[in-house]
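This report concerns only the one structure given below.
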Amino acid sequence: MTDLAHPDRLAKLAALRESGVDPYPARGVAARAVAEVRAGAGSSEEPGPLVGERVTIAGRLLGLRDFGKLIFAPVQDRSGRLQVGLKRDALAEWWPSRKQLDGGDLVGVSGTLGFTQKGEPTLWADEVRLLAKALAPPPEKWHGLTDLEARYRRRYVDLWASEGVLEVFIKRSRILSSLRAFLEEQGYLEVETPTLHPICGGATARPFITHYNALGEDRFLRIAPELYLKRLIVGGMERVFEFARNFRNEGLSRDHNPEFTMLELYEAQADYRRMMELTETMLERAALAVNGTTQCEFRGRTYDLQAPFARVRYGDLFEEHVGCAFDDREAVRAKAAELQIEEHGGYWKLMNDLFEELCEPHLEGPVFCTDYPLEICPLAKASPTDPRVAERFELFVAGMELGNAFSELNDPAEQERRFAEQVASKDPETPGEVDLDYVQALEYGMPPTAGLGIGIDRLVMVLTGQDSIRDVLLFPAMRRQESETHGDAPPVPGEGEA
RNA sequence: GGGCGCGUAGCUCAGUCGGUAGAGCAACUGGCUUUUAACCAGUAGGUCCCAGGUUCGAUCCCUGGCGCGCUCACCA
């Protein structure tokens, strides 16, 4: 027991058992969704088909308004809320046990659907069954849970006690369904690839490391599924996608959670132009599916996800906001010096820092920023018309990166050379070894292919109007609390390098 | 990691210019057959985040720590 289990409620639990009532019965009740019952009730002026019928609902008792011989109590399930009316005369046998009932308890109620004098749809009960006793009291009924930490730690309370929270996660689920349905229509196969990677590739990020006992080897939690999905293209699957949980051992912010969900997909015979079309069509549909409109309110502004999205070249943006060509090293370094941006990862890193600082904030979007400098795209294919740039785009909404796509590099020798460059850079965020198995896969031949990654959490933020990534994650990353467990915490291995 | 702020009852919060604390809701007792933040009367509930320091005395002041929030940095 934790100290949230209330003594009064524990006493009621004992009293229930004493009187032969199982406070945690083995079976639930066959219940109808509350929203369905409410819809069937209509209004007191125009009663619906369920009025006068006997129906059963099940859910959480949110409170009790006791009038002596009459009690009103709202019951809430996943679909909504309905008032239950408990009358002594209709529940003579059960009546004394009403004292054992508390707000927060899970109950099944059967009765006749009707209305009150004020016209409130009400289930007039003839049977009340306790389905599970709540020992911990619910949050304050008017303010609910407002402490952010408590809301995230106890999402199991937040979901029913805070307005609109469940709705966000219902929408999240529908967004995933919409994306999945769209891709399946397009002939894609959903696949699952390893989460434990021997080499940490497919993106640039610091990894989490774990140990594989059976193999006696360390593994990286994947930072991206990219290289495995492209192996499947070599394997002839041609159109694949994965909703991948990725892990990046980096900071938390309102746009970042160390574990996050990425939709990655790859399509043979496609290039990045096709990916742009697919992206805008897919997102437009998801918006319509979940909101009924392509307009969404996010961080105080309105964005329209109606296809087609705007396109702007990286180089053009660079010239506009930095004032020179991205490969004009002298000018770029001068501008960086002017802005006191330090060079700590070579020229191309510096150039991109400048881009992020000066250009990205202008990408309100939705907009595809296209044709990135080749040097910052180690897995992308060069443009056939301009060898300085890669066929790559990123999708931005509200200055936030939502997606990343490119025509995939499929020349094994070129890929090996770029891997070797990364390894030589000694950057802690790039792989420490060349993934020769991947190079070998390319040696068997990968067709012309394009790939796309969509940050699902950020997409959900935009489509549900949530400012923080933590509001679209059921259980966002939180520091461990001592009070969460019994027993001793496991030994903590030494911290990785800072 | 830096800056700012917060930590008081189960929940939402007040308060003590330093003398160990209050309200509303929830709970408990009683009353009430049409409420919907029900109402009325009463009762109970606190390691005032933790540890040091100053002081006759600290929940309040100081220092440190822990936790959380916002923000900046980091993070393609």
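Throughout, a chain's letter reflects where its sequence line sits, starting with A, and its residues are numbered from 1.
Taking the P atom of each, rC61(B) and rU16(B) are spaced 11 Å apart, rounded to whole Å. Comparing rU29(B) with rG22(B), their C1' atoms are spaced 22 Å from each other, to the whole Å. rU59(B) and rG15(B) have their C1' atoms separated by 10 Å, with the value rounded to a whole Å. Nucleotides rU47(B) and rC40(B) have their P atoms positioned 30 Å apart, rounded to a whole Å. The C1' atoms of rG52(B) and rG69(B) are separated by 27 Å, rounded to the nearest whole Å. Between rA21(B) and rG53(B), the two C1' atoms lie 24 Å apart (nearest whole Å).
Using a 4.0 Å heavy-atom cutoff across all strands shown, Asp255(A) reaches no nucleic acid atom at all. Base engagement by Trp124(A) is indicated by at least one non-hydrogen atom pair under 4.0 Å involving a base atom.
Using Watson-Crick or G-U wobble geometry with both donor-acceptor distances under 3.5 Å, rU54(B) finds no partner in any strand shown. Remark: rC13(B) base-pairs with rG22(B). Criterion, Watson-Crick or G-U wobble with two distances under 3.5 Å. Partner assigned to rG5(B) is rC68(B), using Watson-Crick or G-U wobble distances below 3.5 angstrom. Under the Watson-Crick and G-U wobble criteria, each requiring two contacts below 3.5 Å, nucleotide rG46(B) is left unpaired. Pair assignment for rC60(B) gives none, since no Watson-Crick or G-U wobble pairing has each distance under 3.5 Å. Figure legend. rU29(B) is base-paired to rA41(B); pairs are counted as Watson-Crick or G-U wobble with both atom distances under 3.5 Å.
Checked by distance alone, Lys99(A) brings no side-chain donor or acceptor within 3.5 Å of a matching partner on the base of rU29(B).
Side-chain N or O atoms of Arg98(A) include one that pairs as donor or acceptor with a backbone N or O of Trp95(A) at under 3.5 Å.
Aromatic ring centres of Phe355(A) and Tyr314(A) lie closer together than 6.0 Å.
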Hey, what are the protein-to-nucleotides 71-76 of chain B N/O distances that come in under 3.5 Å?
| residue | atom | partner | partner atom | Å |
| --- | --- | --- | --- | --- |
| rC75(B) | O2' | Glu250(A) | OE1 | 2.1 |
| rC75(B) | O2 | His256(A) | ND1 | 3.0 |
| rC75(B) | O2 | His256(A) | NE2 | 2.2 |
| rC75(B) | N3 | His256(A) | NE2 | 3.2 |
| rA76(B) | OP1 | Thr204(A) | O | 2.7 |
| rA76(B) | OP2 | Glu429(A) | OE1 | 3.0 |
| rA76(B) | O3' | Glu401(A) | OE1 | 3.4 |
| rA76(B) | O2' | Glu394(A) | OE2 | 3.1 |
| rA76(B) | O2' | Glu401(A) | OE1 | 2.8 |
| rA76(B) | N6 | Thr204(A) | OG1 | 3.2 |

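Between Arg65(A) and rC32(B) there is no side-chain polar atom (N or O) within less than 4.0 angstrom of OP1 or OP2. When the side-chain nitrogen and oxygen atoms of Arg151(A) are compared with OP1 and OP2 of rU12(B), none of them lie within a distance under 4.0 Å.
Between the side chains of Arg60(A) and Gln76(A), no donor-acceptor pair is found at a separation under 3.5 Å.
Note on Asp158(A) versus Arg154(A): no salt bridge recorded, every NZ/NE/NH1/NH2 to OD/OE distance being 4.0 Å or above. Salt-bridge annotation for Asp467(A) and Arg254(A): absent, with no side-chain N of the basic residue lying under 4.0 Å from a carboxylate O of the acidic one.
For the segment residues 311-326 of chain A, no residue has any heavy atom less than 4.0 angstrom from an atom of RNA chain B.
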### Summary
Each nucleotide of nucleotides 40-47 of chain B classed B (base within 4.0 Å of a protein heavy atom), S (only sugar-phosphate) or -, in 5' to 3' order, makes --------
